[in-house]
Each structure stands twice: as C-alpha cells, then as structure tokens.
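First up is the structure itself, then whatever we jot down about it.
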Amino acid sequence: MRKILLLLLCVPMLVFAKEKRDDSKYLVGAVPEVNGQVLFQQTFAVKNKSKDEIYQVMKAYLGQMMKEENQMKGTKMAMEDSVAGTLVGRFEEWMIFKKKPFVLDRTRFRYLLTVQCSEGKCHMELTQISYYYEEDLDGSNGRTYRAEEWINDANALNKAQTKLLWGSAKFRRKTVDRVEEIFTGARDAFEKPIIEQQRKATELID
C-alpha cells in the first residue's frame, strides 16, 4: 500500500517534468520585425558558384519543397527571373501541432519565400506569414491570424519577456523551427552534390 501511495505522489512530479521545456530559443528576437513586418532573412556565401549556378540550385530546392507531402493547393511558384536571379515561392502547408489517434491539431501555414541570387551569394527572405486555424472539415469557418498580431514579441511574450503566452506559443515555436529548417535546407542544397561525389568515390575505392 505504501508503494502505491508513493507512486501516486510521484505522478504529478513526473507530469511536470515532462511538460517543462526550454523555450529560450523562442524568446526575445526569435521572430524579427522590420518596419512592423515579421521578416525572417538570411544571406550566405556560396564559394566558387556563379549567380546562374546558385539560381539553378535554389530553383530545384524550392521545387523540392513544393513537393513535400504537407504542401497544399495554394503552394506555387510566383516568380522565376533567371536574369535578375530572383525566385519567389508562395507556400501554403500544414503545420502540425499534435497528431495522435482521434486527435489532430494543425493549422494552414502561409508565407512568401523570396530568393535573390548573385555571384557567390544567396539571400533569402520569408515574409507575409499567416495562419488559418480551427477550420471545419470542409475548410470553412476558420480564423486567420497574421504573424504581426500573433507570434511577434509584442503579442507572444509576457510583460517580462521571459515566457511564451499560451495560445500563440505553439505557433511561434513551430514557425521558428520551420524557418530554421528551410534556411538550413537551402545551405545544405549546395553541399549535397559534394557529398554525393564523395560517396561515389568511396564506393569505387571499396
């Protein structure tokens, strides 16, 4: 009986430990704003690559993103300008918060991804972020949230800016993680050919 009692006393502690998370990467500055607009951006160097070579790699990368299983009908290429080195993709994809038997919590995640290629350099911007949440099965009666009113520092953090506010927290976390995944994937796209060559060379040696 004593063992059972001790086990019951430990359950709340175990639940608390499981739910406690480190949100430090999602706090102040995790969602940058420029002139009142949420704007994620990165610029990275691509050694020994011309503007056209970078453009072709990034075009293939965006095309690959658009074929991912979470992409929706709203996803499409909005601009392809090889002369200017510009690519613009409009994305609408499922952002999954929780997926279990009989439980599916998700939102439509919409954003604009712009890529500017130049000699030895690539610049990316992710803007016009919004979410369409709590829709009916037929896609109606959902509610739209703009990033500027939902996941920015002013609306997603407490007054002390030490905690995420309940409700928008999951949107902010998932968005920061997804943007990081997209930017990392873009940089990795230039490494894959090298890795593939190394793999083939190893196979020949073996």
Side-chain angles (χ1 to χ4, degrees), residues 21 23-44 58-59 61-81 86-100 103-116 122-159 161 163-187 189:
R21 65 166 75 223
D23 275 334
S24 56
K25 71 175 282 189
Y26 306 108
L27 297 179
V28 180
V31 178
E33 288 184 273
V34 177
N35 297 324
Q37 180 184 37
V38 170
L39 170 62
F40 292 93
Q41 58 185 322
Q42 75 154 10
T43 302
F44 59 94
M58 292 307 297
K59 180 180 177 181
Y61 176 62
L62 263 62
Q64 179 183 325
M65 283 181 59
M66 291 178 178
K67 293 178 182 177
E68 294 171 349
E69 62 178 350
N70 62 332
Q71 296 300 321
M72 306 178 71
K73 291 182 178 179
T75 294
K76 62 181 180 181
M77 194 71 83
M79 178 188 291
E80 297 180 41
D81 188 338
T86 305
L87 292 160
V88 180
R90 189 167 291 281
F91 289 83
E92 181 180 26
E93 60 191 43
W94 286 120
M95 177 178 279
I96 310 296
F97 301 122
K98 183 182 293 186
K99 187 176 182 180
K100 293 182 179 181
V103 178
L104 179 59
D105 185 14
R106 65 184 182 180
T107 183
R108 295 184 191 229
F109 177 43
R110 297 163 173 163
Y111 58 92
L112 192 74
L113 181 60
T114 302
V115 180
Q116 184 61 55
C122 180
H123 178 74
M124 302 179 70
E125 294 186 355
L126 198 149
T127 58
Q128 298 184 24
I129 297 170
S130 67
Y131 313 88
Y132 186 66
Y133 188 52
E134 295 182 325
E135 63 186 86
D136 293 338
L137 291 176
D138 62 358
S140 63
N141 298 317
R143 182 173 178 181
T144 298
Y145 298 88
R146 292 176 59 250
E148 290 77 15
E149 62 187 13
W150 193 234
I151 66 163
N152 60 348
D153 288 357
N155 293 290
L157 302 178
N158 63 354
K159 289 184 178 180
Q161 296 188 316
K163 293 181 180 180
L164 299 180
L165 297 179
W166 184 88
S168 61
K170 59 186 179 182
F171 291 83
R172 184 169 169 116
R173 293 189 194 103
K174 284 286 188 178
T175 300
V176 171
D177 289 345
R178 177 56 174 155
V179 172
E180 185 177 278
E181 179 184 38
I182 292 170
F183 287 171
T184 299
R187 294 193 297 272

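A quick note: this is a predicted structure, and the numbers were derived from the prediction, not measured. All residue numbers refer to positions in the sequence shown, counting from 1.
Across all their heavy atoms, Ile151 and Ser168 have their closest contact at CG2-O, 4.4 Å. When all heavy atoms of Leu62 and Gly89 are compared, the pair lying nearest together is CD2-N, 4.2 Å. The shortest heavy-atom contact between Cys122 and Val115 is SG-CG1, 3.7 Å.
In summary, Lys25 and Asp177 engage in a salt bridge, as defined by a charged side-chain N under 4.0 Å from a carboxylate O.
The CD atom of Gln116 sits 11.5 Å away from the CE atom of Met58 when rounded to the nearest 0.5 Å. Atom CD1 in Ile129 sits 12.5 Å away from atom CZ in Phe91 (nearest 0.5 Å). The distance from atom CZ of Arg172 to atom CG of Asn155, rounded to the nearest 0.5 Å, is 10.0 Å. The OH atom of Tyr133 sits 3.5 Å away from the CG atom of Asp105 when rounded to the nearest 0.5 Å. Note that the CZ atom of Arg146 and the OH atom of Tyr131 stand 11.5 Å from one another [nearest 0.5 Å]. Taking NZ of Lys99 as the reference point, atom CG of Leu104 lies at 6.5 Å (rounded to 0.5 Å).
A distance-only check finds a donor-acceptor pair linking the side chain of Thr107 to the backbone of Tyr132 [under 3.5 Å]. Tyr111 places no side-chain N or O within donor-acceptor distance of the main-chain N or O of Leu126, the cut-off being under 3.5 Å. Under the 3.5 Å distance criterion, the side-chain polar atoms of Asp136 are left unmatched by any main-chain donor or acceptor of Gly139. Between the side chain of Arg173 and the backbone N or O of Tyr26 there is no donor-acceptor pair closer than 3.5 Å.
Within the 4.5 Å cutoff, the side chain of Leu164 has heavy atoms near those of the Leu157 side chain. Within the 4.5 Å cutoff, side-chain heavy atoms of Thr175 are placed close to those of Met95. At a threshold of 4.5 Å between non-hydrogen side-chain atoms, the residues Arg108 and Trp94 count as touching. Residues Lys163 and Asp23 are not in side-chain contact: their nearest non-hydrogen atoms beyond the backbone lie 4.5 Å or more apart. Counting heavy atoms from C-beta outward, Tyr61 and Ile182 have side chains that approach closer than 4.5 Å. Taking the side chain as every heavy atom from C-beta outward, Arg90 and Gln128 approach each other to under 4.5 Å.
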Listing, residues 34-42 side-chain donor-acceptor contacts under 3.5 Å, not counting sequence neighbours, or none:
residue: Gln42; atom: OE1; partner: Arg187; partner atom: NH1; Å: 2.4
residue: Gln42; atom: NE2; partner: Phe183; partner atom: O; Å: 3.4

Which atom pairs, donor and acceptor, lie under 3.5 Å between side-chain atoms of residues 64-73 and protein residues at least two apart or in another chain?
residue: Glu68; atom: OE1; partner: Arg178; partner atom: NH2; Å: 3.1
residue: Gln71; atom: OE1; partner: Thr75; partner atom: OG1; Å: 2.7
residue: Gln71; atom: NE2; partner: Glu93; partner atom: OE1; Å: 2.7

Evaluation steps, side chain to side chain contact (heavy atoms under 4.5 Å, CB included), between Leu113 and Met124: CA-CA 7 Å; Leu113 181 60; Met124 302 179 70; 4.0 Å; yes
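Aromatic rings of Phe171 and Phe97 (six-membered ring for Trp) have centroids within the 6.0 Å cut-off, being under it.
Atom CE of Met77 sits in a crowded spot, with more than 12 heavy atoms from other residues, nucleotides or ligands closer than 6.0 Å.
Here Glu125 pairs with nothing under the salt bridge (Lys or Arg N to Asp or Glu O under 4.0 Å) rule; sequence neighbours left out.
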